[in-house]
Every structure is written in structure tokens, then in C-alpha cells.
Amino acid sequence: MNLLRDLDEAKKQLTGKKLALTIGNFDGVHLGHQALLKDLKRVSENYGLTSMVLTFDPHPRAILQPDHPFGQRLFPVSDLQLQMQKLGVEILWVESFTERLSQQSPEAFIQEYLNAFKIKYLLVGHDFHFGKGREGKIEHLLSWAQNQGVQIKVFHPHLEQNQRVSTTLIRQLLLKGEVQNVSEYLGRPYQVQGQVVKGHGKGSDWGFPTANINISAPIQNGVYITEVKVDKKTYPAVTNVGLRPTVNKDWDILNRNIESHLLDQSLDLYTKNIEVNFLEFIRPEKKFDTLPDLHKQIHKDIELAKQYFGLG
Ligand code: RBF
Ligand code: MG
């Protein structure tokens, strides 16, 4: 897969290429996105076109609505790149989303980003908008396409178990801890990645060493059955997401922590980069009256996770 980073690079690399293009955020590359990308690939193969995805980073919402609760991406751009590659996309163009781009009229966007290229097929989601204030609508594209001889396809929401799959749906499920449903809509588990930092080491003292990462993730606080990937190996685990109210005196909201205990392992993962895949929700995080109560519960959580993995 070829990676493009800006308009100049795109102009240089795409001269003479006939394109099957799609434009969008593709945050999460969920099953709906995957269906659309398969259509892009099929059409490009059938008609001898080069398949290309144009996407933006940061997510336009982060610039347009900085206070929006869904400002944060579900998955980083590096993951988007990986998924696009897996799906056989030939060119991925990640354009910087800037103030300037956000102020561009729909006409200017068409002029600068579409007319510069030989687009034969343009595939967009039904809710696609572009240009300043989301003023650019699919109707704009349809009349442009008619003049240019471009074929346009508007992709309708993908249904899975009678649900329209969308990034918003996935976000809502994550905020309820429903990670099993999330996996079904994503086609893979929700995951976070980060570098293991020093905890206060109490987990080890209490017989359940943990690997902590300090990243914010748009997921419900609670205890989950997970898989932790590190150094290309996968370990069954149990993970607490939250504020540790039992031990944290002033429940520092900013100090949200993702803490994983690897089942039947005693690895020191300090400074390693780990990936936590969320498989099942066990229970919400809770403030216990005493430490022994907390420990008893954590040992129950560990037992439940072991049963899930058939670890007796
Ligand atoms: N801390 C809490 O205050 N409440 C919890 O419900 C809670 N559940 C946990 C479940 C698991 C499986 C693990 C590994 C940790 C949990 N913790 C919880 C965090 C716990 O307080 C922390 O691991 C120790 O303080 C050691 O850092
Ligand atoms: Mg720890």
C-alpha cells in the first residue's frame, strides 16, 4: 500500500492513474466500512482502476468541535493504516485536517481535491458531508459527477443483527461496557495500546501483579476479560479500567488507569508496549469498604477469567 500525505505528493504520484476513490474518516474500520472498502476493491479490480482512500487526520471533529465528547478517535491512524492494508487498498492518502481545510467551500474542495485527479468511481457513505460547515452534500457531488463523467455510488448503512453499524453505535456500546457487541460490529475486539508505566506495586504485594497503562479510552470503567499482546505473544488477562476508588483517596479523575493482570504469568512488562483487547465485561468498578473486600473480589474476577479461557 502506498501512503500519501498531502496534495503535492498526491499530484505527483497520481498522474495518469485512473482512480476508484472513497473519502471518509473510517474511524474504527468497522464492518460497515469494511463492506464499503470491499466494494471499492471489487470495482477497481473489475475496471482496472487504482483503489484509493482519502482520509483526514486529526479527525475533523477535533478541529470543528473541540469540546465534543466524541472528539477522540476510537482507533489511532496507525491502526487505520493497518486495516486498510489488510483490506487491499492500494493508496491511502492521509491529509492533514487544518483550519484552512475546514474553511474551504464545497466548490473549492471539489476543485482542489477532486478535479486535480482522474477519478472514475467515487464511493461515499450516505451521511457524507464536506467543506465549510458541512455544507457540501451528496447532491453537489452528483451534479459534479454528471458533468465529469464520474460514476458515484452512495453506500447505505450496513446492517448487522438488524442494527445500522456506525462509529456512534460502537461508541455508545463502549460507554456501556458492551465490548462483546462491539467486537461483532468491529469484526475484531476493541483495543488500546500503550507503554507500561510504574504502578504503586501493590498488586504484586497482594499476589496479582499488574501492568498499567495511562491512556484515555472512551470505555466504561470496570473489570473486563481481555487478551494482552506483547512482543508478538498473546496472554489471557483480566483488566480494570478506572480510578481505583478503594485505594485512591481523592479519585483523581485525570488519573484514569488501565491495569491488566496476566493470568498464570509473572512477566515484568515495565516500559514495554502492550495492546489490550477487550473481550467481555465482568462488572463495574466499585469502592470497597476494606482492602480485604477488594482483594476477595479481584480473586473472584481472576477465577472467572480463568474459567472463560479454560484455565481451570
Ligand atoms: N480497584 C477498585 O478500587 N475497585 C475495583 O472494583 C477494582 N477492581 C479491580 C479488578 C481487577 C481485576 C484488578 C486487576 C484491579 C482492580 N482494582 C480495583 C484496582 C486495584 O485497586 C489495584 O489493582 C491495586 O490497588 C494495585 O494497584
Ligand atoms: Mg501494577
Side-chain angles (χ1 to χ4, degrees), residues 1-14 17-62 70 72-97 101 109 113-114 116-130 151-158 160 165-171 182-193 218 229 232 273 275 277:
M1 189 175 72
N2 229 326
L3 197 61
L4 302 177
R5 284 157 215 283
D6 61 43
L7 199 55
D8 285 340
E9 211 175 52
K11 281 180 181 158
K12 274 188 214 129
Q13 302 249 348
L14 299 177
K17 283 206 164 77
K18 293 179 184 162
L19 301 174
L21 171 68
T22 186
I23 309 172
N25 296 313
F26 300 105
D27 187 14
V29 198
H30 58 57
L31 291 188
H33 297 141
Q34 290 176 29
L36 182 151
L37 293 162
K38 279 177 192 148
D39 180 277
L40 187 78
K41 187 173 157 68
R42 184 182 55 79
V43 170
S44 59
E45 282 171 0
N46 289 350
Y47 296 95
L49 307 174
T50 301
S51 58
M52 179 164 99
V53 174
L54 170 56
T55 193
F56 302 97
D57 186 55
H59 195 296
R61 205 189 290 119
F70 289 173
Q72 191 191 358
R73 258 179 205 284
L74 270 186
F75 282 82
V77 175
S78 55
D79 179 78
L80 183 134
Q81 207 172 311
L82 200 73
Q83 302 305 321
M84 294 288 171
Q85 177 137 28
K86 277 191 191 160
L87 289 160
V89 169
E90 287 164 280
I91 301 179
L92 174 62
W93 175 1
V94 182
E95 176 74 350
S96 301
F97 195 81
L101 198 55
F109 179 85
Y113 285 86
L114 303 183
F117 306 101
K118 257 198 194 152
I119 299 162
K120 293 291 168 192
Y121 184 68
L122 178 60
L123 181 56
V124 290
H126 70 288
D127 56 351
F128 181 68
H129 288 81
F130 61 101
Q151 199 193 325
I152 287 214
K153 180 161 168 180
V154 178
F155 214 80
H156 289 281
H158 180 80
E160 196 73 29
V165 181
S166 70
T167 305
T168 302
L169 171 68
I170 291 170
R171 285 181 177 283
V182 166
S183 300
E184 284 175 25
Y185 296 131
L186 274 179
R188 59 197 167 115
Y190 176 69
Q191 71 166 229
V192 297
Q193 286 182 38
K229 287 192 188 167
K232 303 212 160 85
N273 210 67
E275 188 184 294
N277 289 273

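Remember, predicted model here, so these are calculated numbers, not experimental data.
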Could you check whether Gln191 and Gln193, counting side-chain N and O atoms only, form a donor-acceptor pair closer than 3.5 Å? yes

Determine whether Leu37 and Val53 make a side-chain contact, defined as any pair of heavy atoms from C-beta on separated by less than 4.5 Å. yes

Rounded to the nearest 0.5 Å, what separates atom OG1 in Thr22 from atom CG in Leu122? 7.0 Å

Side-chain donor-acceptor pair present, Tyr121, Asn46, cut-off under 3.5 Å: no

For a salt bridge (charged side-chain N to carboxylate O under 4.0 Å, His left out) check, start with the C-alpha distance between Asp6 and Lys11, then their side-chain angles and the critical distance, and finish with the verdict. CA-CA 9 Å; Asp6 61 43; Lys11 281 180 181 158; over 6 Å; no

Return the CG to CD1 distance between Leu114 and Ile119, rounded to the nearest 0.5 Å. 4.5 Å

For Lys38, all residues meeting side-chain hydrogen bond (donor to acceptor under 3.5 Å, both in side chains), sequence neighbours excluded: none

Over all atoms of both residues, closest heavy-atom pair of Leu123 and Leu36: CD2-O, 3.3 Å

Is there side-chain contact between Glu275 and Val192, with at least one heavy-atom pair below 4.5 Å? no

Would you check if the distance from the ring center of Phe26 to the ring center of His33 is below 6.0 Å? yes

Roughly how far apart are Ile170 CD1 and His30 NE2, rounded to 0.5 Å? 5.0 Å

Got Asn277 and Lys229 here, is their nearest side-chain heavy-atom distance under 4.5 Å? yes

To check you understand the geometry: which heavy-atom pair defines the closest contact between Leu3 and Glu9, and what is its length? O-OE1, 4.0 Å

Does the pair Asp79/Arg73 count as a salt bridge with the N-to-O cut at 4.0 Å? no

How long is the span from the OG atom in Ser44 to the CG atom in Leu21, to the nearest 0.5 Å? 11.5 Å

Should Leu19 and Lys120 count as side-chain neighbours, where that means a heavy-atom distance under 4.5 Å? no

Minimal non-hydrogen separation, Pro157 against His126, with atom names: CG-CE1, 3.5 Å

Determine whether Leu54 and Ile23 make a side-chain contact, defined as any pair of heavy atoms from C-beta on separated by less than 4.5 Å. yes

Hey, would you say the Phe56 and Trp93 ring centroids sit under 6.0 Å apart? no

Quick one: pull up CG in Leu4 and CG in Leu14 and give me the separation to the nearest 0.5 Å. 5.5 Å

Here the gap from Phe97 atom CZ to Arg61 atom CZ, rounded to the nearest 0.5 Å, amounts to 11.5 Å

Would you check if there is a donor-acceptor pair between the side chains of Ser51 and Glu90 at a distance under 3.5 Å? yes

Taking every heavy atom of Gln13 against every heavy atom of Lys17, the minimum-distance pair comes out as O-NZ, 3.6 Å

Would you call Gln34 and Val29 a side-chain contact if the rule is heavy atoms closer than 4.5 Å? yes

Which pair of non-hydrogen atoms, one from Gly187 and one from Leu31, has the smallest distance, and what is that distance? CA-CD2, 3.8 Å

Can you check whether Leu87 reaches Lys41 side chain to side chain, under 4.5 Å on heavy atoms? no

Residues Asn25 and Leu80: closest non-hydrogen pair is O-CD1, 3.4 Å

Quick one, Phe128 with Phe155, criterion ring pair (Phe, Tyr, Trp, His ring centres under 6.0 Å). Give me CA distance, side-chain angles, the key distance, then yes/no. CA-CA 10 Å; Phe128 181 68; Phe155 214 80; over 10 Å; no

State plainly whether the residues Arg171 and Asp27 are in salt-bridge range, i.e. N to O under 4.0 Å. yes

Ring centroid separation Phe130 to Tyr113 under 6.0 Å: no

Could you walk me through whether Ile91 and Thr50 pass the side-chain contact (heavy atoms from CB on, under 4.5 Å) test, one step at a time? CA-CA 8 Å; Ile91 301 179; Thr50 301; 3.7 Å; yes

Between the side chain of Glu95 and the main-chain N/O of Asp57, is any donor-acceptor distance below 3.5 Å? no

